[in-house]
A.B. asks: 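My structure is below; once you've seen it, I'll send some questions.
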Amino acid sequence: MNELKPRTRIQQKNINAILEAALDVFSQYGFRGSTLDQIAQAAGLSKPNLLYYFPSKEAIHTTVLSGLLDNWLDPLREMDEAGEPIAEIMAYVRRKLEMSRDFPRESRLFANEILQGAPRMMEALEGELKELVDEKAEVIRHWVADGRVAPVDPYHLIFSIWALTQHYADFDVQVHAVLGKTDDSHFADAEVYLETLFTKLLTP
């Protein structure tokens, strides 16, 4: 498709349908386990029609991932060095938990990419993600040095926040099976638990 020409409403609608279907398929089966036929069927399009917009599965996957990292990093970007330290960290925990509740497919897609060795995201992980984590780790280190937060390793604190929030998206089938629930009401309990856990950990 010639990207120099403005897209028609139908073309944009079809592209959006392909990307939405791809998010579903990739988050469920991973890149290797997904096929163009699956994506086309989920999008309600023929495979030739899909290939008019995207020349390959790789091109679709790259497009889906390209918008993922910014959304993934936004909750950490919002951590404010000028704020009250424990409140800022807890707000980050809540934002990450909300992402797991509201964007589970995106979380699973990200997890699948990492589990496969991040072949399409390694540059971003070693660049933009690492730079942001380094920046916020230094903020937390200063809070610790000032006695405003209990002594913690800032990197492992961030890793633990990722693990304890993303679990509810990446392992949602397991969570629902253990709790015997089919809805997302457990997120309220998770928020209370994580607030207690991290507040006790971080209080000097």
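If you read the sequence from its start, that first residue is 1, and numbering goes on from there. Remember, it's a predicted structure, so these values are computed and weren't measured experimentally.
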A.B. asks: Side chains of Asn14 and Tyr52: closer than 4.5 Å at any heavy-atom pair?
C.D. replies: no
A.B. asks: Would you name the heavy atoms of His156 and Asp153 that are closest together and state the gap between them?
C.D. replies: N-OD1, 3.0 Å
A.B. asks: Any side-chain heavy atom of Asp80 within less than 4.5 Å of one from Val139?
C.D. replies: no
A.B. asks: Could you state whether Phe171 and Leu97 fall into the same hydrophobic cluster, counting links through intermediate Ile, Leu, Val, Met, Phe, Trp or Tyr residues with side-chain heavy atoms under 4.5 angstrom apart?
C.D. replies: no
A.B. asks: Please name the pair of heavy atoms, one in Ala118 and one in Leu125, separated by the smallest distance, quoted to 0.1 Å.
C.D. replies: CB-CD1, 3.6 Å
A.B. asks: Applying a strict under-4.5 Å side-chain criterion to I, L, V, M, F, W and Y, I'd like to know whether Tyr29 and Leu68 cluster together.
C.D. replies: yes
A.B. asks: Could you go through the side-chain hydrogen bond (donor to acceptor under 3.5 Å, both in side chains) check for Asp183 and Ser185 one step at a time?
C.D. replies: CA-CA 6 Å; Asp183 59 19; Ser185 59; 2.8 Å; yes
A.B. asks: Report the C-alpha separation of Leu109 and His61 in whole Å, then their side-chain angles, then the decisive distance to 0.1 Å, and conclude whether the side-chain contact (heavy atoms from CB on, under 4.5 Å) test is met.
C.D. replies: CA-CA 10 Å; Leu109 177 61; His61 196 258; 3.8 Å; yes
A.B. asks: For the atom pair CE (Met121) and CH2 (Trp72), what is the distance rounded to the nearest 0.5 Å?
C.D. replies: 9.5 Å
A.B. asks: For residues Leu69 and Phe110, report the shortest heavy-atom separation together with the two atoms involved.
C.D. replies: CD1-CE1, 4.3 Å
A.B. asks: At what distance, to the nearest 0.5 angstrom, does CZ of Arg95 lie from CZ of Arg77?
C.D. replies: 12.0 Å
A.B. asks: Any donor-acceptor pair under 3.5 Å linking the side chain of Lys57 with the backbone of Phe31?
C.D. replies: yes
A.B. asks: So do the side chains of Ser160 and Leu157 get within less than 4.5 Å of each other, counting heavy atoms only?
C.D. replies: yes
A.B. asks: Can you name the nearest heavy-atom pair linking Arg101 to Pro104, along with the distance?
C.D. replies: O-CD, 3.7 Å
A.B. asks: Rounded to the nearest 0.5 Å, what separation is found between the CG atom of Leu115 and the CZ atom of Arg108?
C.D. replies: 13.0 Å
A.B. asks: Would Asp134 and Tyr155 count as having a side-chain donor-acceptor pair, cut-off 3.5 Å?
C.D. replies: yes
A.B. asks: Would Tyr92 and Leu76 count as a side-chain contact (heavy atoms from CB on, under 4.5 Å) here? Give the steps.
C.D. replies: CA-CA 6 Å; Tyr92 176 52; Leu76 185 55; 3.7 Å; yes
A.B. asks: Take His142 and Glu81 through the side-chain contact (heavy atoms from CB on, under 4.5 Å) test and state the conclusion after the steps.
C.D. replies: CA-CA 9 Å; His142 286 155; Glu81 183 174 7; 4.0 Å; yes
A.B. asks: Determine whether Arg105 and Gln28 make a side-chain contact, defined as any pair of heavy atoms from C-beta on separated by less than 4.5 Å.
C.D. replies: no
A.B. asks: When rounded to the nearest 0.5 angstrom, what distance separates NZ in Lys136 from CD in Glu88?
C.D. replies: 8.5 Å
A.B. asks: Is the shortest heavy-atom distance from the side chain of Tyr53 to the side chain of Ile18 under 4.5 Å?
C.D. replies: yes
A.B. asks: NZ of Lys181: more than 12 outside heavy atoms within 6.0 angstrom?
C.D. replies: yes
A.B. asks: Is there a side-chain contact between Ile140 and Ile158, using heavy atoms and a 4.5 Å cut-off?
C.D. replies: yes
A.B. asks: What is the minimum heavy-atom distance between Ser107 and Asp170, and which atoms define it?
C.D. replies: OG-OD1, 2.7 Å
A.B. asks: Any idea which heavy atoms bring Pro75 and Lys96 closest together, and the distance?
C.D. replies: CB-CD, 4.3 Å
A.B. asks: Side chains of residues 191-204: which donor-acceptor partners sit under 3.5 Å, not counting sequence neighbours?
C.D. replies:
| unit_1 | atom_1 | unit_2 | atom_2 | d |
| --- | --- | --- | --- | --- |
| Thr196 | OG1 | Val192 | O | 3.0 |
| Thr199 | OG1 | Glu195 | O | 2.6 |
| Thr203 | OG1 | Thr199 | O | 2.6 |

A.B. asks: For side-chain contact (heavy atoms from CB on, under 4.5 Å), just list the numbers for Val175 and His167, CA-CA rounded to whole Å, side-chain angles, deciding distance to a tenth of an Å, and then say yes or no.
C.D. replies: CA-CA 9 Å; Val175 170; His167 175 88; 3.6 Å; yes
A.B. asks: To the nearest 0.5 Å, what is the distance between CD on Glu98 and CZ on Phe187?
C.D. replies: 10.0 Å
A.B. asks: Do any N or O atoms from the side chain of Gln11 and from the backbone of Thr8 form a donor-acceptor pair under 3.5 angstrom?
C.D. replies: yes
A.B. asks: Would you please name every residue forming a salt bridge (Lys or Arg N to Asp or Glu O under 4.0 Å) with Arg120, sequence neighbours left out?
C.D. replies: Glu58, Glu113
A.B. asks: Is Gln166 reaching over with its side chain to a backbone N or O of Tyr168, donor-acceptor style, under 3.5 angstrom?
C.D. replies: no
A.B. asks: Do Asn16 and Gln12 meet the criterion of a side-chain donor-acceptor pair at a distance under 3.5 Å?
C.D. replies: yes
A.B. asks: Can you confirm whether Ile60 sits close enough to Leu36 that some side-chain heavy atom of one is under 4.5 Å from a side-chain heavy atom of the other?
C.D. replies: yes
A.B. asks: With a 4.5 Å cut-off on side-chain heavy-atom distances among I, L, V, M, F, W and Y, is there a chain of contacts connecting Met99 to Phe159?
C.D. replies: yes
A.B. asks: Atom CD of Gln38 and atom NZ of Lys47: how far apart are they, to the nearest 0.5 Å?
C.D. replies: 11.0 Å
A.B. asks: Are any of the side-chain nitrogens in Arg141 or Glu138 under 4.0 Å away from the carboxylate oxygens of its partner?
C.D. replies: yes
A.B. asks: Is the shortest heavy-atom distance from the side chain of Glu106 to the side chain of Leu23 under 4.5 Å?
C.D. replies: yes
